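Numbers restart at 1 for each chain; the letters A, B, ... are given by sequence-line order, proteins then strands. Keep in mind that this is a model prediction, so the values were computed, not measured. Excluded from the calculations below are hydrogen atoms, water molecules and symmetry mates; all remaining heavy atoms, backbone and side chain alike, are included.
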There are 2 protein chains.
Amino acid sequence: MVENKQLSRASVLRMELYLDVLQQCRAEGRHNITSADIGEAVGVSPESVRQDLFKLGTTGKPMVGYEVDKLISLLRSVFGLDTLKKICLVGYGNLGRALANSNIWDKAGFELAAIFDKDPNVVGTGVGPLKVRNLAEVFGVVKSEGIVAGVIATPASVAQEIANILVNAGIKAIWNFAPVKLHVPEGVVVENQSLAWGLITLSQAMKSVFKE
Amino acid sequence: MVENKQLSRASVLRMELYLDVLQQCRAEGRHNITSADIGEAVGVSPESVRQDLFKLGTTGKPMVGYEVDKLISLLRSVFGLDTLKKICLVGYGNLGRALANSNIWDKAGFELAAIFDKDPNVVGTGVGPLKVRNLAEVFGVVKSEGIVAGVIATPASVAQEIANILVNAGIKAIWNFAPVKLHVPEGVVVENQSLAWGLITLSQAMKSVFKE
DNA sequence: TAGATTGTTAATCGATTAACAATC
DNA sequence: TAGATTGTTAATCGATTAACAATC
């Protein structure tokens with residue numbers, strides 16, 4: 001029932017789409033869904049949907065399809081959404097503020113447990129009960145709070161330095177918004193979300209559109 | 001010299017890293033660089049670097065390596081960074097404000113030419129000379145300004161509707177921050193940058209780390 | 001020259017697509 | 001039962017890695 005092989009990034013991305021569709025179905029009161037329905041909703045062939053679900057240990061029934069509730073649980077467990085993970089945010093500029101005030105954390109099973117910045121004018125301000133702390137406190141707070149992941153929303157110039165601090169403090173995962181390839185030891189996961197890179201990727205993709 | 005085959009997404013992502021390394025090299029005054037150097041800096045094998053550059057029409061010399069300036073120009077042209085593209089932003093919440101005030105646009109060859117929101121309290125406010133306009137103006141402004149791309153930084157619930165409006169207005173590319181699979185006609189490019197999906201991907205990746 | 005480094009083809013690997021038997 | 005739909009293997013496709021001749 002639990003996956004053992006590493007899922008490809010592409011698979012994971014598709015599965016996130018499946019989860020979205022399934023939740024819509026549940027909201028509409030449907031109990032079952034076929035691979036064809038899922039596929040059509042997310043722009044993927046039914047075969048690919050089945051292949052993806054097969055990797056997770058399949059749960060469908062011929063003629064009936066998949067149980068919506070069961071599949072939602074399965075995907076949530078694959079993504080680890082029901083495991084609470086403490087995360088900290090480093091960098092409280094425009095982007096940091098937008099992140100801190102967003103509602104994305106819960107939905108992915110994270111608790112935003114601390115915010116850090118080096119600017120003395122920003123330290124002490126904050127979101128609700130959460131106050132921005134001085135960068136120097138990272139090590140101690142990560143340890144004492146049991147924080148396992150960190151977000152880097154700082155300028156690119158200091159991103160690697162921040163990554164080192166986080167890793168030293170024992171963090172196992174980094175969500176990186178800086179357009180910098182971070183060098184981290186094995187066993188530490190980095191997920192890049194650089195807006196700059198995203199925009200360049202869009203620019204590149206546009207070229208083929210205009211060529212037609 | 002100009003690429004004709006579609007580059008894989010993975011290739012493009014790697015090439016963005018190469019460009020970063022090359023720009024650092026130029027800043028340090030280096031004129032040449034080998035595939036081994038590039039590879040080491042970005043965590044890719046020299047063979048892969050050469051293979052990627054080969055796809056673009058290679059420009060290196062045995063025993064010397066690649067000319068830094070030449071390669072920067074080549075990559076900038078591959079990404080289309082020197083072609084100015086007008087883009088508009090829809091949704092001026094926390095994320096929209098962070099985007100509008102960022103410096104990412106120029107660097108990817110975009111000019112942020114208009115901002116839209118439906119909230120009357122927000123319309124009229126703005127960044128520098130740019131004022132937030134009413135959502136109803138999208139169609140007219142996109143046409144009159146010659147805007148070719150749009151950013152969706154709205155709640156997920158209205159993202160598809162906004163996409164339809166943008167596409168109808170003639171936009172060819174969408175940078176989508178909403179955690180929704182957008183359905184667009186062929187010939188329109190969508191680049192997803194949903195933070196919610198990114199965070200779930202991180203959560204999934206963390207599972208394997210903690211399993212070890 | 002000698003040898004480091006590229007250009008480019010070949011081999012491997014993995015992911016996607018197709019096919020179809022199993023089954024409810 | 002009949003036939004729609006899954007589970008699962010096989011075939012195809014593409015990307016990555018390896019290899020090595022070409023070359024500066």
May I have the distance from E67(A) (atom CD) to dT6(D) (atom P), rounded to whole angstrom?
13 Å

For atom CG of L56(A) and atom P of dT6(D), their distance in whole Å:
15 Å

Knowing that exactly one of V78(A), L71(A), L75(A) qualifies, which makes a side-chain contact (heavy atoms from CB on, under 4.5 Å) with L19(A)?
L75(A)

Under 4.0 Å between a side-chain nitrogen and a carboxylate oxygen: does that hold for E191(A) and R9(A)?
yes

Rounded to whole Å, please give me the gap between CG in L53(A) and P in dT17(C).
15 Å

Nearest to the M63(B) side chain among dT17(D), dC24(D), dT6(C), which nucleotide is it?
dC24(D)

Is Y66(A) near enough to dG7(D) that one of its side-chain N or O atoms lies under 4.0 angstrom from OP1 or OP2?
yes

With DNA chain D as reference, determine whether V64(B) or S11(B) sits nearer its 5' end, using the nearest nucleotide of each.
S11(B)

Among R50(A), K61(A), H31(A), find the residue that satisfies the side-chain contact (heavy atoms from CB on, under 4.5 Å) test when tested with Y66(A).
R50(A)

From the set dT9(C), dA19(D), dT6(D), return the single nucleotide nearest to any side-chain atom of F54(B).
dT9(C)

S35(A) side-chain N/O to dT6(D) phosphate OP1/OP2 under 4.0 Å
yes

Any idea which of dG7(C), dT17(D), dA19(C) is nearest the S45(B) side chain?
dT17(D)

Contact class for R14(A) (heavy atom, under 4.0 Å): base, sugar-phosphate, or nothing?
sugar-phosphate

Under 3.5 Å for both distances, Watson-Crick or G-U wobble, that's the pair rule; now give the dot-bracket for DNA chain D, with | marking pairs to another strand and [ ] for crossing ones.
..||||||||||||||||||||||

Just the rounded figure in Å: distance from C1' of dT9(D) to CD of E47(A).
14 Å

Here the distance between atom C1' of dT5(D) and atom CD of E40(A), to the nearest Å, is 16 Å

Of the candidates dT6(D), dA10(D), dA18(D), the side chain of Q51(A) sits closest to dA10(D)

Please determine whether salt bridge (charged side-chain N to carboxylate O under 4.0 Å, His left out) holds for the pair R30(A) and D37(A), giving the CA-CA distance in whole Å, both sets of side-chain angles, and the decisive distance to 0.1 Å.
CA-CA 12 Å; R30(A) 292 181 61 182; D37(A) 287 346; 3.1 Å; yes

For dG7(D), does either OP1 or OP2 sit under 4.0 Å from a side-chain N or O belonging to T58(A)?
yes

Contact under 4.0 Å: R50(B) side-chain N or O vs dG7(C) OP1/OP2:
no

To the nearest angstrom, how far is I33(A) atom CD1 from dA4(D) atom P?
19 Å

Side-chain donor-acceptor pair under 3.5 Å between R14(A) and S11(A), yes or no?
yes

Side chain of P62(A) only, please: which of dT23(C), dG7(C), dC20(C) is the nearest?
dT23(C)

Counting only side-chain nitrogens and oxygens, does S48(B) get under 4.0 Å of the OP1 or OP2 atom of dT17(D)?
yes

Could you check how far CG of D37(B) sits from P of dA4(C), rounded to whole Å?
15 Å

Indicate yes or no: does D69(B) engage R26(B) in a salt bridge with an N to O separation below 4.0 Å.
yes

Check whether any side-chain heavy atom of W105(B) lies under 4.5 Å from a side-chain heavy atom of E111(B), and answer yes or no.
no

Any base atoms under 4.0 Å from A36(A), or only sugar-phosphate, or nothing? Heavy atoms, all strands.
nothing

Atom NZ of K61(B) and atom C1' of dG3(C): how far apart are they, to the nearest Å?
19 Å

Does E137(B) use its side chain to pair, donor to acceptor, with the backbone of F116(B) at less than 3.5 Å?
no

